[in-house]
Structure formats: C-alpha cells, structure tokens
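Both ligands and their constituent atoms are indexed starting at 1 by order of listing. This one's a predicted model, so the numbers in the text were calculated from it and none came from an experiment.
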Amino acid sequence: MHSQHAVSPSAEHIRRAPKVLLHDHLDGGLRPATIVELAAAVGYGNLPTDDPDALGTWFREAADSGSLERYLETFTHTCAVMQTREALVRVAAECAEDLAADGVVYAEIRYAPEQHLDAGLTLDEVVEAVNEGFRIGEHNAARTGHRIRVGALLTAMRHAARSLEIAELANRYRDAGVVGFDIAGAEAGHPPTRHLDAFEYLQRENFHFTIHAGEAFGLPSIWEAVQWCGADRLGHGVRIIDDIDVKDDGSVSLGRLAAYVRDKRIPLEMCPTSNLQTGAADSYADHPIGLLRKLYFRVTVNTDNRLMSGTSMTREFEHLVDAFGYDLDDMQWFTVNAMKSAFIPFDERLAMINEVIKPGYAALRAEWLFPRG
Ligand SMILES: O=c1[nH]cnc2c1ncn2[C@@H]1O[C@H](CO)[C@@H](O)[C@H]1O
Ligand SMILES: [Zn+2]
C-alpha cells in the first residue's frame with residue numbers, strides 16, 4: 001500500500017538503507033588523499049596535483065569527457081600507486097570501509113591483477129594482498145557498527161591477451177575471496193568473443209562471470225556476451241535500449257535480444273553517472289534505467305568508479321530518486337535484484353535478503369510511527 005507516508009526518501013534515509021553493489025572498480029575508488037600519500041611513498045611524480053581536493057576534482061573533470069577511452073586514461077594514475085603489497089592492502093581496506101560507511105552491506109569489487117605487476121608482485125600476490133585488505137576493511141567497519149561483506153571479481157583487460165590466465169587465477173581463488181571474473185577496458189574494437197577460451201574455461205569449471213558490454217558499443221556486443229560467451233551478468237548493458245521500441249501511444253515492443261535478456265532475468269549492472277560521463281546517456285532523467293525498471297528487467301544500481309565519477313551508492317540513488325521519484329520500495333526492489341544476482345551461494349543470498357535487506361527497509365519504513373529522538 002502506498003500511503004501518504006511513501007515520501008521521497010531523504011539523503012539520510014538513502015545512506016542508512018542497506019545497499020548492494022555489484023559493479024565497482026577497486027582502482028576507480030581510491031580516496032584522493034590516499035593517492036597523494038601513496039604517490040609520495042613510492043616516488044610517483046606524475047600526479048596532476050598533490051592537493052587531495054584538487055585531485056578529486058581533476059579526476060571527475062578528466063573523466064567527464066564523453067568518451068570511454070578518455071575516461072579510462074585517468075586510471076594510469078591510480079594503477080601507478082597500486083603496485084606494492086602495502087598499497088593494495090590499504091586501498092582494499094579503505095574501499096570496504098568507505099562502502100560500509102555508505103550503507104553498503106554486500107559488495108563485489110573488481111580489479112585487473114595484470115595491472116599491478118610493475119613493481120614485481122606476482123598475480124597470486126596481488127590477489128592475496130587485495131583479499132587481505134578487504135578482510136581488514138570488513139573488520140574495521142564492523143568495529144564502527146557497519147556490517148559489510150566484500151567479494152572480489154578478477155578482471156582481464158579486453159585489449160590484452162591474458163584473459164585465460166586471469167580466469168584460471170580467479171578459479172584458483174574461488175573459495176578464498178574471489179567470487180567471479182570480468183572483462184573491462186575499451187569496448188569498441190575489442191569484442192568479448194576474443195576471450196572465448198577464458199569464458200569456456202569458466203563454464204567448464206562451473207564458475208561465474210560478468211562482461212562489460214553495451215556501454216560504448218551497442219547490441220552486437222551484448223549479443224556476443226550473452227549468446228557466445230554465456231555471461232551471467234552484463235556490466236552496464238545500457239544499449240539494450242536500442243532493441244526496445246516505445247510507440248507514440250506508449251506501447252512497448254521488445255526485440256528478440258531484449259526479450260531474451262528480460263526473460264532469462266540477466267542482471268544489468270547499471271552505472272548512471274559513469275554513463276553520463278562517457279556519453280552512454282544524456283541525463284539521469286533520460287537514462288534507460290527508468291524504462292528498464294518499468295519493464296521489470298533485472299536492473300541493479302552501481303557506482304562503477306567512485307573517484308572518477310565523484311559518486312557513491314547513496315549519490316546514485318539520490319540522482320534516481322530526483323529523476324524518477326523512486327521511494328524506499330523502489331530502492332528495496334533494486335537492492336533485492338542486486339542481491340539475487342550476486343555470485344555468492346544461493347543460501348547466503350537468500351539470508352542476506354531476508355535477514356538483512358528486508359528488515360533494514362522495514363525499519364526505515366516504520367520510522368514515521370515513532371517520535372524523532
Ligand atoms: O566503465 C568502464 N568500462 C570499461 N572498463 C572500465 C570501466 N571502468 C573501469 N574500467 C577499466 O577496468 C580496469 C580494472 O578495474 C580499470 O583499470 C579500467 O581500465
Ligand atoms: Zn565498469
């Protein structure tokens with residue numbers, strides 16, 4: 001029942017509501033002050049500025065380019081300071097702490113191990129350092145009253161040729177903190193089928209993977225990711241909108257691919273702010289997430305890169321509440337969608353939904369009954 005109490009949630013409600021994050025890059029979420037400190041510690045002299053505030057602004061503006069390729073150039077600086085064990089542990093721990101403080105209760109954080117080998121770490125050492133950081137961050141968060149659980153997704157870069165090796169690495173650590181695999185990087189000119197051997201390997205191993213598809217390139221990329229590669233989820237997937245026809249009278253018809261994605265409940269990891277920056281959408285109000293939610297696609301809300309996109313889960317939801325008038329019920333719907341789509345075992349997803357997410361939203365919805373303290 002939508003009563004007069006179904007008011008638009010405040011920023012404070014949104015922050016306190018339990019949230020689930022499936023698409024967030026470790027090297028896209030560093031605190032600016034940490035980048036400055038790590039750069040000084042490892043002698044990296046190419047930062048555009050040493051002032052943390054100015055650096056945060058620089059990342060947002062540089063990423064606000066209208067092109068995915070230019071957006072991705074900014075990662076040179078973050079990867080440059082993430083080459084030692086200490087740096088990786090710290091960045092991962094801070095990531096878990098920052099998300100927990102923002103009300104995220106479950107997160108899958110991705111990064112490309114192959115981008116952290118410059119100072120001599122091995123792929124296994126990179127994974128172990130990041131996992132250790134996540135465990136530290138989870139504990140620190142719990143001590144401040146925020147519970148979060150973090151799993152890692154290992155990404156292979158789509159322009160490179162190490163995807164099978166990274167897929168094997170992910171599978172090796174599947175019972176030790178890694179929950180799945182991904183490919184990322186410039187989409188145009190790098191179709192997912194180039195990495196078919198990695199995806200086929202993971203399918204034979206009964207493991208999980210998501211693929212960045214339908215962000216900077218359209219339907220063929222989504223089709224390959226789903227029908228050739230067998231992706232469990234789609235990173236972004238916004239261009240699925242190109243296969244949906246809205247008539248003047250408001251009626252909607254889905255093409256074969258869009259219908260398949262909806263019928264099979266293939267989760268879409270949507271990242272609205274990132275899409276505005278790379279030119280995949282023009283405004284929050286025009287973002288395909290509004291229509292896709294109405295059509296009951298398995299849509300989820302994500303941050304992509306909190307540093308480059310100057311965002312957080314709370315901010316992404318604030319933008320959506322503004323643009324589409326969503327209330328706590330809508331937020332719960334997106335959150336349950338995300339939890340259903342996570343790569344951890346089914347019984348754990350169900351317990352998160354029933355014991356953490358639904359009670360969290362119920363408590364927020366009940367607040368109007370009580371005097372404010
Ligand atoms: O939105 C995106 N689309 C494609 N690739 C991305 C996006 N955001 C980040 N990365 C790429 O993923 C790598 C591993 O985390 C990052 O270094 C960046 O190059
Ligand atoms: Zn991404």
Can an N or O of [X] be found at a distance shorter than 3.5 Å from an N or O of ligand 1?
X: T155; value: no
X: L72; value: no
X: Q115; value: yes
X: H23; value: no
X: D304; value: yes

Protein residue, atom and distance nearest to [atom], heavy-atom basis:
atom: atom 19 (O) of ligand 1; answer: M157 CE, 3.5 Å
atom: atom 8 (N) of ligand 1; answer: N305 ND2, 3.0 Å
atom: atom 5 (N) of ligand 1; answer: G185 N, 2.9 Å
atom: atom 3 (N) of ligand 1; answer: E215 OE1, 2.8 Å
atom: atom 17 (O) of ligand 1; answer: D27 OD2, 2.5 Å

Given that the side chain starts at C-beta and the backbone is N, CA, C, O, which of these parts of [X] lies under 4.0 Å from ligand 1, counting heavy atoms, or is it both or neither?
X: E187; answer: neither
X: L26; answer: neither
X: T278; answer: neither

Could you check R60, R306, H319, E316 and say which one makes a side-chain hydrogen bond (donor to acceptor under 3.5 Å, both in side chains) with T311?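 So, applying the side-chain hydrogen bond (donor to acceptor under 3.5 Å, both in side chains) to T311 and each of R60, R306, H319, E316, only E316 qualifies.
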Hey, is the Zn ion (ligand 2) within less than 2.8 Å of some N/O/S atom on C271?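 Looking at C271, which is the residue asked about, there is no N, O or S atom under 2.8 Å from the Zn ion (ligand 2).
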Please evaluate residues F207 and F181 with respect to the criterion ring-ring contact (aromatic ring centres under 6.0 Å, His included), reporting the C-alpha separation (whole Å), side-chain torsions for both, the decisive distance (0.1 Å), and the verdict. CA-CA 8 Å; F207 204 31; F181 174 80; 8.7 Å; no
Quick one: closest heavy-atom pair of H287 and A281, and the distance? CD2-CB, 3.6 Å
What one should report as the nearest heavy-atom pair of Q83 and H116 is OE1-C, 2.9 Å
Under 4.0 Å, counting heavy atoms only: does G28 come that close to any atom of ligand 1?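 No heavy atom of G28 comes that close to ligand 1.
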Indicate, with yes or no, if Y173 and I344 share a hydrophobic cluster defined by side-chain heavy-atom contacts under 4.5 Å among Ile, Leu, Val, Met, Phe, Trp and Tyr. yes
Do Y201 and M157 land in one hydrophobic cluster if side-chain heavy atoms of ILVMFWY residues count as linked below 4.5 Å?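 No; tracing contacts between hydrophobic side chains, which count when under 4.5 Å, never links both residues.
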Does a donor on one side chain sit under 3.5 Å from an acceptor on the other, for R315 and T273?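 Absent: no donor and acceptor within the cut-off.
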[X]: its N/O/S atom lying closest to the Zn ion (ligand 2) (atom name):
X: D304; value: OD1
X: H212; value: NE2
X: H23; value: NE2

Heavy-atom distance under 4.5 Å between the side chains of L26 and V91, does that happen here? yes
Are any non-hydrogen side-chain atoms of L121 and L88 less than 4.5 angstrom apart?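 Contact flag for L121/L88 side chains = yes.
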Once you measure the plane-to-plane angle for H212 and H236, does it fall in the parallel (<30°), tilted (30-60°) or perpendicular (>60°) bin?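 Tilted: the ring planes of H212 and H236 meet at 30° to 60°.
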Is atom CG of D248 surrounded by more than 12 heavy atoms (other residues, nucleotides or ligands) closer than 6.0 Å? no
